[in-house]
J.: 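The structure follows.
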Amino acid sequence: MLQLSYIRDNKDAVLTGLQKRHFTNAEAIIEQVLALDQHRRDTQRDLDDTLAQSNAKAKEIGVLMKSGDKAAAEAAKAETTNLKVHSKALEDALRLAEQQLQDILVTIPNIPHSSVPAGRTADDNEVVLEHGKKPTLYDGAQPHWELIKKYGVNGPIIDFELGVKIAGAGFPVYRGKGARIQRALINFFLDEAMAAGYMEVQPPIVVNEESGFGTGQLPDKEGQMYYVPEDKLYLIPTAEVPITNLYRDVIVPENQLPICNVGYTPCFRREAGSWGAHVRGLNRLHQFDKVEIVRIEKPENSYTALENMSQHVQSLLQKLELPYRVLRLCGGDMGFTSALTYDMEVWSAAQERWLEVSSVSNFETYQANRLKLRSKMEGKMQLLHTLNGSALALPRILASILENNQTPNGIRVPAVLVPYCGFEMID
RNA sequence: GGAGAGAUGCCUGAGUGGCCGAAAGGAACAGUUUGCUAAACUGUCGUACUCGCAAGGGUACCGAGGGUUCGAAUCCCUCUCUCUCCGCCA
């Protein structure tokens, strides 16, 4: 959520930013916000004045009572009636104005960073860099959804049909070496993050409504999350939600900054309406595993931190020997809450497609404002910047390892994972 | 699931109708003392909104929401959450 004071003082910048996102009706909406804000402040001032008068009267009555002047006290009481009626009305008006403002503010996305390219769709994203050589596969190479059936003991190493039996489509069962390589990846990612200075956390994988609001999933994206009505809990779509919300309503002592957390969790996404032919196999799932890095930074350091996170993610891909590219998302393709997002995509050799495996974003104060996440810096209370990134999401990494490393004799496990999973080949 | 207790500032904890935005202690921060550390002493020490160039002022907030009252942390109602005991159970 943008800060009102920011919109007030930087109307033009806000409008240009929203334009970059192709946010419709920006001008009208901002005008409405400013008008409502003015009205809210006027109302607040009136209310405060009225309440100040009431307080003065009450005090006066107290003194009169004590001095035993009953008649004067009663007379003063009579004078409060009007004030009461008046303040009641103003209170209602204030609450309404605040609610209306809030309702609009939550629909306004974050302002893109100046480096965010213009553009509407994924095709307009800027390719920042490409790294590694796309492998040439042997004749007869297969996509991962075929490969998984080729290996494994008494069944595929990743069994989609078994998952259907247990839960439904998009909930695969990992078996044998399929399960072990998953676990190896998780441990590898966690160890790498810790070596890079992140502290591991294991958060709950369900969250309440406040948490969903804090990071910006609610209101709006409720359709994407699994919900448990009995307990009013959402299954997390990413560890970003619980980990960032650890710092909701927190005033962080300046000397504890920056905060760098890493967590492994399963993630759950309903993916309503996004099913299609190109999401076969591991490309899109309802449940998947992900290691997420989250940082809380001083405003002046957040973009350095973002680059740093991007480097960290890239180093993982390099160690896994996967060809990848880095995209800077354009205004139209960026997430609602982000100011700048890098997507990392790995090359999936048999599908001959880039697969998104990480998304690293700086939210600046957008989430912090909702979270009330602040620090007292230079004597002033200030909102902090939040950032997060996948480091990494498992299924597509696994898909490209399977596809890129396939040989006629089996699938070669990246060297860096061998100590973690204890075998060199899936065969 | 059953029974009970409670929710106050960074923490502990006092406060049962006006003198309470809230005692006291601790923590933290700044300073004095000191060869260093420690101790002692002094001072500072909530947040939000709002008015003001500023100094400074106003308002709200003692789990949340409502009510009683001229006046509520304090009385009443509803809700939420936490803790303890019992039951069940990983």
Side-chain angles (χ1 to χ4, degrees), chain A residues 1-9 33-106 202 204-214 218 228-234 242 245-257 259 266 296 298 365 367-384:
Chain A
M1 204 160 65
L2 297 176
Q3 296 164 86
L4 255 178
S5 58
Y6 180 80
I7 299 178
R8 221 155 36 205
D9 300 338
V33 166
L34 292 175
L36 265 170
D37 178 46
Q38 188 58 53
H39 174 241
R40 181 197 116 247
R41 284 193 287 165
D42 292 344
T43 310
Q44 168 117 43
R45 202 169 335 112
D46 286 354
L47 175 62
D48 286 354
D49 287 350
T50 312
L51 289 174
Q53 287 178 50
S54 289
N55 288 344
K57 271 282 176 252
K59 214 156 258 182
E60 199 181 309
I61 291 165
V63 173
L64 289 172
M65 299 282 258
K66 204 156 269 180
S67 71
D69 194 342
K70 274 230 167 99
E74 286 307 320
K77 274 192 198 180
E79 292 176 45
T80 62
T81 316
N82 260 341
L83 290 171
K84 261 180 111 172
V85 174
H86 196 200
S87 62
K88 217 20 145 224
L90 286 168
E91 238 165 65
D92 291 345
L94 181 64
R95 197 169 314 167
L96 181 66
E98 281 172 344
Q99 188 57 54
Q100 287 172 331
L101 257 180
Q102 167 92 353
D103 288 349
I104 300 179
L105 283 175
V106 297
Q202 290 190 11
I205 60 169
V206 292
V207 291
N208 56 27
E209 196 176 331
E210 296 82 68
S211 300
F213 177 81
L218 298 173
V228 185
E230 193 71 20
D231 300 294
K232 296 188 175 141
L233 292 171
Y234 293 87
N245 271 282
L246 296 177
Y247 301 94
R248 172 154 46 86
D249 288 319
V250 169
I251 298 169
V252 183
E254 187 176 1
N255 61 16
Q256 286 180 16
L257 294 168
I259 290 171
I296 294 164
K298 291 187 189 187
T365 59
Q367 292 182 327
N369 191 32
R370 293 173 160 227
L371 294 161
K372 297 199 175 65
L373 165 53
R374 296 159 297 168
S375 183
K376 199 166 206 164
M377 293 176 285
E378 285 154 12
K380 255 183 28 207
M381 206 52 93
Q382 291 178 59
L383 291 173
L384 292 164

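Residue numbers start from 1 in every chain, and the chains themselves are labelled A, B, ... in the order their sequence lines are given, proteins ahead of strands.
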J.: B/C49 P sits how many Å from A/Met381 CE, rounded?
T.: 11 Å

J.: Can you tell me how far CD of A/Gln367 sits from CE of A/Met1, rounded to the nearest 0.5 angstrom?
T.: 12.0 Å

J.: Select one nucleotide: of B/U59, B/C70, B/C49, the one nearest the side-chain heavy atoms of A/Leu51.
T.: B/U59

J.: Using heavy-atom distances to pick each residue's nearest nucleotide on RNA chain B, tell me which of A/Ser54 and A/Asp49 is more 5'.
T.: A/Asp49

J.: With both distances under 3.5 Å as the test, what is the Watson-Crick or G-U wobble partner of B/U68?
T.: none

J.: If you measure from the P atom in B/A27 to the same atom in B/C83, how many Å do you get, rounded?
T.: 28 Å

J.: Is B/A27 paired to anything, Watson-Crick or G-U wobble with both distances less than 3.5 Å, and if yes, which nucleotide?
T.: none

J.: Working to the nearest 0.5 Å, report the span between CG of A/Asp37 and CD1 of A/Ile7.
T.: 8.5 Å

J.: I'd like to know if A/Lys232 and A/Glu209 make a salt bridge, using a cut-off of under 4.0 Å between side-chain N and carboxylate O.
T.: no

J.: So which nucleotide does B/G9 pair with, by the Watson-Crick or G-U wobble rule with both distances under 3.5 Å?
T.: none

J.: Taking 4.0 angstrom as the limit, do A/Asp48 and A/Arg45 come out as a salt bridge?
T.: no

J.: In the structure shown, which nucleotide is the Watson-Crick or G-U wobble counterpart of B/C85, with both distances under 3.5 Å?
T.: B/G2

J.: Tell me what A/Asn55 touches on the nucleic acid: a base, only sugar-phosphate, or nothing, going by heavy atoms under 4.0 Å.
T.: sugar-phosphate

J.: Classify the side-chain pair A/Gln53/A/Asp49 by whether it contains a donor and acceptor separated by less than 3.5 Å.
T.: no

J.: Under 4.0 Å: is that the gap between some side-chain N or O of A/Arg374 and OP1 or OP2 of B/A48?
T.: yes

J.: At less than 4.0 Å, is any side-chain N or O atom of A/Arg45 found next to OP1 or OP2 of B/C51? Yes or no.
T.: yes

J.: Name the pairing partner of B/A90, where a pair is Watson-Crick or G-U wobble with both distances under 3.5 Å, or state none.
T.: none

J.: Does a salt bridge link A/Lys77 with A/Glu74, judged by any charged N lying under 4.0 Å from a carboxylate O?
T.: yes

J.: Find which nucleotide of RNA chain B each of A/Ala58 and A/Gln53 is nearest to by heavy atoms, and output the residue with the more 5' nucleotide.
T.: A/Ala58

J.: How many whole angstroms separate atom CG of A/Asp249 from atom P of B/G9?
T.: 13 Å

J.: Side chain of A/Lys84 only, heavy atoms from C-beta on: which candidate in B/U59, B/U50, B/U69 is closest?
T.: B/U69

J.: Looking at every strand, decide which applies to A/Ala52 at a 4.0 Å heavy-atom threshold: base, sugar-phosphate, or nothing.
T.: sugar-phosphate

J.: Using the 3.5 Å cut-off, write out each protein N or O paired with an N or O of nucleotides 64-67 of chain B and the distance between them.
T.:
| from | atom 1 | to | atom 2 | distance (Å) |
| --- | --- | --- | --- | --- |
| B/G66 | OP1 | A/Arg95 | NH1 | 2.9 |

J.: Using both distances under 3.5 Å as the test, list the Watson-Crick or G-U wobble partner of B/U33, or none.
T.: none

J.: Counting only Watson-Crick or G-U wobble pairs whose two distances fall under 3.5 Å, which nucleotide matches B/C62?
T.: none

J.: Check whether the side chains of A/Asp46 and A/Thr43 place a donor and an acceptor atom closer than 3.5 Å, and report yes or no.
T.: no

J.: With a non-hydrogen cut-off below 4.0 angstrom, is A/Met65 in contact with a base, only sugar-phosphate, or nothing?
T.: base

J.: For B/A14, give its Watson-Crick or G-U wobble partner with both distances under 3.5 Å, or none.
T.: none

J.: For a quick check of understanding: with a heavy-atom distance under 4.0 Å over all strands, which category does A/Lys376 fall into, base, sugar-phosphate or nothing?
T.: sugar-phosphate

J.: Could you go through the side chain to side chain contact (heavy atoms under 4.5 Å, CB included) check for A/Ser87 and A/Leu47 one step at a time?
T.: CA-CA 6 Å; A/Ser87 62; A/Leu47 175 62; 4.1 Å; yes

J.: Please report the distance separating the P of B/G4 from the corresponding atom of B/U8, rounded so that it comes out in whole Å.
T.: 22 Å

